[in-house]
Every structure is written in structure tokens, then in C-alpha cells.
Number of protein chains: 2
Amino acid sequence: MDASTRRGMTVVGPAAQRAAAWIAGCMRSFLPPGHIDALKLADRLEHRQLRQGQIIFTQGTHPDGVWMVRSGELELVAGRGQDRVVVGTLQPCGIAGDVPLLLGKPAVCTVRARTDVQSSFLSAAGFLATLDASPALTRAWLTALAHRHLRAQEAQVRTLHGSAESRAAWLLLREARDSAVTCSQGTLAAMLGMRRQTMNRVIKDFERQGLLRVGYCRLELLAVDRLRQRAQDRA
Amino acid sequence: MDASTRRGMTVVGPAAQRAAAWIAGCMRSFLPPGHIDALKLADRLEHRQLRQGQIIFTQGTHPDGVWMVRSGELELVAGRGQDRVVVGTLQPCGIAGDVPLLLGKPAVCTVRARTDVQSSFLSAAGFLATLDASPALTRAWLTALAHRHLRAQEAQVRTLHGSAESRAAWLLLREARDSAVTCSQGTLAAMLGMRRQTMNRVIKDFERQGLLRVGYCRLELLAVDRLRQRAQDRA
DNA sequence: AAGGCATGGTCAGGGAGGTGACACATTGGA
DNA sequence: TCCAATGTGTCACCTCCCTGACCATGCCTT
């Protein structure tokens, strides 16, 4: 924890300023540009590094704060073993833990670091205090949550119907960063409620058709346009 | 439209007061009790009656306001024909249209009145102005949206896995009002991404086992506890 | 270098659910 | 009162995906 974050609200250290700049970047579409309130939030943040595989909170428990992803990826998991379902992933600027805190209910998902993750942590008290202190941030948070909700609804529409091929193509396009998807085929399957074997069959078909290249825990998308077409067939 | 809603913010008519009481009831878990801001919102509301089957906005268009359900049921639909998917339903206190307005994006679902519906309508401008004017209401709205988001995530977890039986049992429990589900079997099937025939098979099985009674566009749940058990088998 | 563990690749068999079809019931409006 | 639209009930067929199994490969730790 940076000493400058201890000095209170009036004096703001360089770490907090960097954090504020990052937050403003994250919420650039949700906050009036250059709004000073980002600093109020940045001041309460605490940097946290997560190792790959680390679990930050578990299904059925109350998170003790909010995590905001700065780099790396988190995944939201429900169930275990054969019934493991990956409800979603959080890439940079993603937020975890706020919904259970707002509702005072235990989390419905376990949140796990898929890669090493740099994150900003905001304690439960700090989170609620920030919302009370800054209407502009509350409004921005509302918009950010609306964004996540829309994404979840889209996912539901896509996972309810369509062949394994079309759903897989859609998922790959959604999960890609720089035309590459970096997670195991088993995890991809768990995002669509299908089995590893089925996902592997689809992926190898795609590879044979030159749509992508397969590596270890890595898929490189070679023909995004043709994949997009596959995603729309029999939607 | 009530004349009293035209008199401005200072004088509040009885209709607005009734609306405020209703809103306070809806958001009782989200707003500090007795908070005066409910009146600010109630003052902008306009009563709207919807006939069964009426569509209030369509997938791909921009809603011109926010609808809040006072009685009856709305359904959120995506796709058409064979690919029709029912993403969710809104029962009393449900809200439609706010997410697209907040994001400035077109709606991903068509919203349709499943029954005759009494609703309160809030224009787009009124909605945004209300959020700007009342931090407490913004905060309440954030919590209400968190609630919907949690519900959507639960739905996704349940629809990704499990047999037709367990998913159907879960859905019936969720959609029931007073131990009865009032919609067609086709619509129930569309909520789970399955076919009418499959849903019918499951329902008739349930009926043979005494779990429910089948009517025209109506299912009466007779053994909620045993249904709940069915919902957990092979989750 | 070696071992353990996670992941990738593949196959045969079986079953759950989709497909298309048809008859009948119910509802609500002309 | 009749008719069209919508919903219910059921069937035979067939496809797609799950199941369980097995081995190969890549990665990390010791």
C-alpha cells in the first residue's frame, strides 16, 4: 500500500493520480470527461496482485470488497466438477464483487484469476462510502452495470439456441484479445454448457477449414470475418 | 394522463402521491424508508395501459422511455419464428427500457405485454433528469439493476446445464405467481431454449406424477416441494 | 532429467431432444 | 354463431451431442 494514499482526501499522491487516470479511462464512456470524482475513488483503492488460479471469493460467501481488473483476466464460475459452468470472464476494466455487496446477498459465482492479474481492490465500506459521496460515480457505476447486464443478456440469447458450431464461433469472437483466445478448450466448453470433446471437435473442424490455429491453451483466429459468418449460421 | 401531474414539482396531486407510495413499495429494499425523492420521480410518471400482445419497443430500436410494471406481465423476446428466445419476464415492479437508454444503444430484446398491463411510463428525458436530480434514486436504481443482473446470471447457470426435467422444474418455480404459471407451453419452452414438444412431454410427466395440473395457458403447481427437488436433480 | 498433472486428440455407442406431421381444444373477434 | 388463430397432445424418425474410454502431448516442479 502506498503511503500517499494515507494522507486523506486533500493531498493526492502520484499513485492515486495514476489510478484516477486509469479509472477515468475505464469509465470514459460513463463519466463526464475530466471529472474530479475519479480521484475520490482512486484514493480509496489498494493495489492487489493475484497469482494464476487464485480465488478471490467463493460462491455462497460474502465478498469483502470490490475488485477492478487492470491487467489479466478473471473468470466467474458456478458449480464444480462435471457441472462446472463459466458464467463469464472479466477483462481489463471488469468489476467483480459489487453486485453481492449492493444486494447484501452472497455471491452466486466463484471468481478466479485465469491468469496473473493486477487489480485494484476497494473495501466494502470504501465502496459504499464512495457511492454515498459521489453521485457522479454512482451514475457511472449504474451505466457500467447496465453494460455488463446487456452483455449477459446477449450471452443468454446466444447460448440458448444454435448448433455447437455457431455458438462456439460466437464465443471465440467475444473472448478474443488481439485475435487470440488464451484458455483451455475445457473452459471454453464450460462457457457454453457443452463438453470438452464436443468443443474439441468443433475447434479441429475450424482449424481444418483454416479459420484458426490451435496451440496449448491458445487459439489464434485467422479469419475473423468467416468466423463471424459461422456465428450467424443457424443462430 | 392526470391533470395533477402537470402542475410542476411544488404541488403534488393525489395521483402522484399514490404513484410515489407504489414506487416506495417497489424499491422499499433499495431506498431509505420514507425518502421524499420518490415523489420527485412520481411527479414525472405517466400512467399507461397496455393491451395483451402489445409491443412497447422492438429489438434494434431505441426505446423512448422507461416502463415500470404495476400489474400484469411483460416478456423480453429476442429473435423470431423458430429462433424465438424469451430472455426473461417482468412482473410487478419490473423495469424495462432503462438499460438501452443508459447506454445509448438500441435494445437487444423486444418487450411485449404477455397480459393486459398497467404501467407507469417515464420519458427518456424524465428518466435521465430524475437520475441527475436525485442521488438517492440513482443509488436505488443501481441496486435494482444489480438485482436484475443477479437474476439473469442465475438463469444462465440454470439454462446451461441439466436435463429438460430439472430445468423445467426450476423455471416453473421461478415463474409461478400464487402457485400458478400463466403462459403457453411454447413460451415456457422458449425460455429454456427447448422445443414446445419437449416441454409438453415434461409437463405431462409432471402432471402424471401429481406435481401440477394442466390448463389452457395455465399450470397450477400442486407440489412445490417435490418440484424443488426435481429442479436440483442433475443440476 | 524425470515424474506428475493438466490439456489435447480421438473414437464407438447410446440416448436425449430436435423435426415434421397431424388431430383436437380453446379463445376471441367478425 | 362461426371462423381463424393460437395452444395442446402425441407420434415416428433421426441427428447431434453426451458418455466413457484411451493415449499423446505440453508444462511445471523437483
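By convention in this document, chain letters (A, B, ...) are assigned in the order of the sequence lines, proteins followed by strands, and residues within each chain are numbered from 1.
Atom CD in Q185(A) sits about 13 Å away from atom P in dG26(D), given to the nearest Å. Atoms CG (D205(B)) and C1' (dA16(C)) sit 13 Å apart, rounded to a whole Å. Put simply, CD1 on I203(B) is 8 Å from P on dG9(D), counting in whole angstrom units. Straight-line distance from the CG atom of L192(B) to the P atom of dG18(C): 10 Å, rounded to whole Å. In this structure, Y216(A) places its OH atom 17 Å from P of dA24(D), rounding to the nearest Å. As rounded to whole Å, 13 Å separates atom C1' of dC24(C) from atom NZ of K204(B). Atoms CZ (R218(B)) and P (dG7(D)) sit 17 Å apart, rounded to a whole Å. Rounded to an integer number of Å, the gap from R112(B) CZ to dT6(D) P is 10 Å.
A distance of 11.0 Å separates CD of E175(B) from CG of L219(B), quoted to the nearest 0.5 Å.
Considering only side-chain N and O atoms, N200(B) lies under 4.0 angstrom from the phosphate OP1 or OP2 of dG9(D). Side-chain nitrogen and oxygen atoms of R201(B) include at least one within less than 4.0 Å of the OP1 or OP2 phosphate oxygen of dG17(C). For dC17(D), neither phosphate oxygen OP1 nor OP2 lies less than 4.0 angstrom from any side-chain nitrogen or oxygen of T198(A). Put simply, R196(B) has no side-chain N or O that comes within less than 4.0 Å of OP1 or OP2 on dT8(D). Using a 4.0 Å cut-off, no side-chain N or O of Q52(B) falls inside it from OP1 or OP2 of dG28(C). Remark: Q197(B) is not in phosphate contact with dG20(C), judged by side-chain N or O atoms under 4.0 Å from OP1 or OP2.
Salt bridge present: K204(B) and E207(B) bring a charged side-chain N and a carboxylate O closer than 4.0 Å. Between D98(A) and R148(A) a salt bridge is recorded (basic side-chain N to carboxylate O distance below 4.0 Å). The residues E73(A) and R112(A) are annotated as not salt-bridged, no charged nitrogen and carboxylate oxygen being separated by less than 4.0 angstrom.
Using a 4.0 Å heavy-atom criterion, one finds that G193(A) contacts the sugar-phosphate atoms exclusively.
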Subject >> side-chain hydrogen bond (donor to acceptor under 3.5 Å, both in side chains) between S166(B) and Q232(B), intermediate numbers included >> reply: CA-CA 7 Å; S166(B) 70; Q232(B) 276 163 7; over 6 Å; no
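Comparing dC17(D), dT10(C), dT7(C) by their nearest atom to the side chain of R208(A) picks out dT10(C).
Nearest-nucleotide assignment on DNA chain D puts the 5′-proximal partner with C217(B), out of C217(B) and R167(A).
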